[in-house]
Protein chains: 2
Amino acid sequence: MAVTIKDVAQAAGVSASTVSRVLNNKGVISEETRKRIWDTMKELEYVPNDVARSFANGSARAFALVIDVVDVRAYANNFFNNTVFGIETAAHENGYNLMITNEKSVEDEISPVQKLVLGKKIDGIVIPISMADESLLEKLNDLGFPSVILGHLDEGRTETSWVDINNTQGGALAVRHLIKKGYRNIAFLYGNDKEQFNQDRLTGFSRGVSAGGMDVKQELICHGLSGVEDSRECVLGLLRQEDRPDAVVCGDDRLALGALRAAKAAGVAVPRDFGIVSFDNTPLTELADIPITSLDVDTFELGRQAAEILIQQIEEPETSFRQVLLSTKIIGRASTERESEEE
Amino acid sequence: MAVTIKDVAQAAGVSASTVSRVLNNKGVISEETRKRIWDTMKELEYVPNDVARSFANGSARAFALVIDVVDVRAYANNFFNNTVFGIETAAHENGYNLMITNEKSVEDEISPVQKLVLGKKIDGIVIPISMADESLLEKLNDLGFPSVILGHLDEGRTETSWVDINNTQGGALAVRHLIKKGYRNIAFLYGNDKEQFNQDRLTGFSRGVSAGGMDVKQELICHGLSGVEDSRECVLGLLRQEDRPDAVVCGDDRLALGALRAAKAAGVAVPRDFGIVSFDNTPLTELADIPITSLDVDTFELGRQAAEILIQQIEEPETSFRQVLLSTKIIGRASTERESEEE
DNA sequence: ATGAAAGCGCTAACAT
DNA sequence: ATGTTAGCGCTTTCAT
């Protein structure tokens, strides 16, 4: 059997409670016995039974990240990877373990998250916005259970903590970059217009256009696009218009790729006569025929911040909720690399 | 406070042990009391305290997946995502939780994995081959601690369980596909020749070439390549040779992209005069200018199998070790889509 | 500054 | 078929 706190106590000639106090840096212990106990622990290669500790003090020293097994596609682009790594890193640094759980309730059974929470296996939870049902959030809130959301619904909500990419800033930055490069008639392509992040990007885009002293033209804004082919057709259409755009901001890498192909098909030179910027900075943009300028966001940092906020909520339950937006930065590539027409 | 087993026992007019027996389907309980106890549990919304259960019976009902935070790049291509999802799915189906942990020992501290193992927080562990130190494996083996490796070193080792992609089969399959399409002089490009998976792919490639009745030509085998540019230069060189290849098998998507660009630069038509096959079937191959034929492997299934083997080892410790190789399949795309010259 | 003892919620012998 | 009891390893109050 494994060596227990009693073994250590006995070997060091003290009581178990004293060993416990040393282990937890609690109470007042004479420097001498403290050292003796540490030495004994080393010598016996004592490793505390964390399950017993959790049981005794009611805290698991762990939290969970909910994943969406159904929508695997949502986790392409390394978003998931880096974010998980960021979460794990922060968790580890603070002595927490990270669990991964899906939230697919099996018929008639309690949901996985509820089971973890009520089964005391976790002290907090990270929930991607796609998994954040109103009902789940409400339950957690009722329990006063620490949680943080990856993504957000609306900035008005302050009764919950979340971290997200600053998509509004990103949209504006994309436009600013294009304007600096001398583009003047900028289109915006994106997918599902119900998604908050797309709405934010559009908002940012529009602000950027206005800030640049230009009009936002509805006919240059296309949504509901999914994938390269959709985008290609859409951009081909735009390029045939009388008032054709000289640049486009794309909601994701595939749309950008489609735009690039459309330009090629239409015989429009990139970047000279047509600039392209995309969100997400995936390998697809970096490795495109003409490398595509992209908005990058530190998804590792996103995860880390989420974890740190969560840990703070766990350890200081009185802390107020916090919301964090991470700025994007522009990775300039060939698709916008023409001489500026400014000044 | 939460409702406990005692509350249920009291409300149902039985002892705690009877409730426990119902909960665990152990012993013999009259149908009547069983039903009454289930009803009471529902009524009181009883959720067992899993930590207490783990503590009492010494099993955490959880296992861990080790990740390599340092080498984030290794987890590109969605490999990591899908595999994690597969592991989680199997874990969940069997009532286990999944933990994620890195294995970066902090100075002077016990390693994260050891802490989990000795702290009784997990009953088993999944280790990617890149993280599988000889010393770690040895420690786990000494403890008789259930573990399974993602990937493998050599097939001779049977004192450990692992699951892996059948890279040898994949290499041979790639060649067979090319031969069927009429290609006759096939090159092989890959990265680090120290990696077992690359060695296996090369072995498969060579077997495929031999099986096709052709000679394996050393001058058509290039290793140490990393990235598009490396590959492009290498293939340009090959295409300038007297005995130039009419097809290439690439160890990853980027090398394939490089090969495609080289062919274009050299004015060699793909697929007519030059066929390209790559491993991994990432978006990069699917969305290339000329979509690239690729070897696909079900990484979700890889994770699922790993988890199932692990769970079996946990629940039936006497089980012998198991090794599983998952076959790849070929996803035919334009890069090899020419009329067969066979028959 | 340290020890004794109770108890966290559940399981598993042992009784009956 | 069900109840009683001890105990899993640790923390924590209460003594001293």
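Chain letters run A, B, ... following the sequence lines, proteins first, then strands; residues in each count from 1.
- Of the listed residues (B:R36, B:K42, B:K35), just one forms a salt bridge (charged side-chain N to carboxylate O under 4.0 Å, His left out) with B:D39, and that residue is B:K35.
- Classification of B:E93 and B:R304 as a salt-bridged pair holds, one side-chain N sitting under 4.0 Å from a carboxylate O.
- To the nearest angstrom, C1' of C:dG9 lies 13 Å from CG of B:N24.
- The closest donor-acceptor contact from the side chain of B:D123 to the backbone of B:F63 lies at 3.5 Å or more, if one exists at all.
- At the heavy-atom level, A:S54 lies nowhere under 4.0 Å from the strands shown.
- In this model, a side-chain donor or acceptor of B:S17 finds a partner on the base of D:dT4 within 3.5 Å.
- Residue A:Y46 places no side-chain N or O under 4.0 Å from the OP1 or OP2 atom of D:dG9.
- Taking side-chain N and O atoms only, A:K26 has a distance below 4.0 Å to OP1 or OP2 of D:dT12.
- With the nearest nucleotide of DNA chain C identified for both A:E31 and B:A2, A:E31 has the one nearer the 5' end.
- Judged by distance alone, the side chain of B:E88 and the main-chain N or O of A:N102 form a donor-acceptor pair under 3.5 Å.
- The NZ-P distance, from B:K120 to C:dC10, rounds to 21 Å in whole Å.
- Looking at heavy-atom distances under 4.0 Å, A:V51 makes no contact with the nucleic acid at all.
- Residue side chain A:F55 meets the stacking definition with respect to C:dC8: its ring centre sits within less than 5.5 angstrom of the base's six-membered ring centre, and the planes differ by less than 30 degrees.
- For A:R36 and C:dA1, the CZ to P distance is 14 Å, given to the nearest whole Å.
- As a whole-Å value, the separation of A:K121 NZ from C:dC10 C1' is 14 Å.
- The residue A:G119 sits apart from the nucleic acid: no heavy atom pair falls under 4.0 Å.
- In this structure, of C:dG3, D:dG3, D:dC10, it is D:dG3 that holds the atom nearest to the side chain of B:S15.
- The interatomic distance linking B:N49 (CG) with D:dC8 (C1') rounds to 14 Å, in whole Å.
- Nucleotides of DNA chain D nearest to B:N57 and B:S30 differ in position, and the one nearer the 5' end is that of B:S30.
- Comparing C:dC10, D:dC14, D:dT11 by their closest approach to the side chain of A:S20 singles out D:dT11.
- In this structure, A:V19 reaches neither bases nor backbone, as no heavy-atom distance under 4.0 Å exists between it and the strands shown.
- Between B:R53 atom CZ and D:dG9 atom P the separation is 19 Å, expressed in whole Å.
- Side-chain atoms of B:E103 come within 3.5 Å of backbone N or O of B:V113 as a donor-acceptor pair.
- Judged by distance alone, the side chain of A:Q10 and the main-chain N or O of A:A16 form no donor-acceptor pair under 3.5 Å.
- For A:A56, the listed nucleotide lying nearest its side chain is D:dG9; candidates were D:dG3, D:dG9, C:dA1.
- The phosphate of D:dT2 (OP1 or OP2) has a side-chain N or O of B:T33 nearer than 4.0 angstrom.
- Nearest nucleotide to the side chain of A:I5, out of C:dC10, C:dG3, D:dT11: D:dT11.
- Distance B:D50 CG to C:dT11 C1': 14 Å, rounded to the nearest Å.
- Separating the CD1 atom of A:I29 from the P atom of C:dT2 is a distance of 6 Å, rounded to the nearest angstrom.
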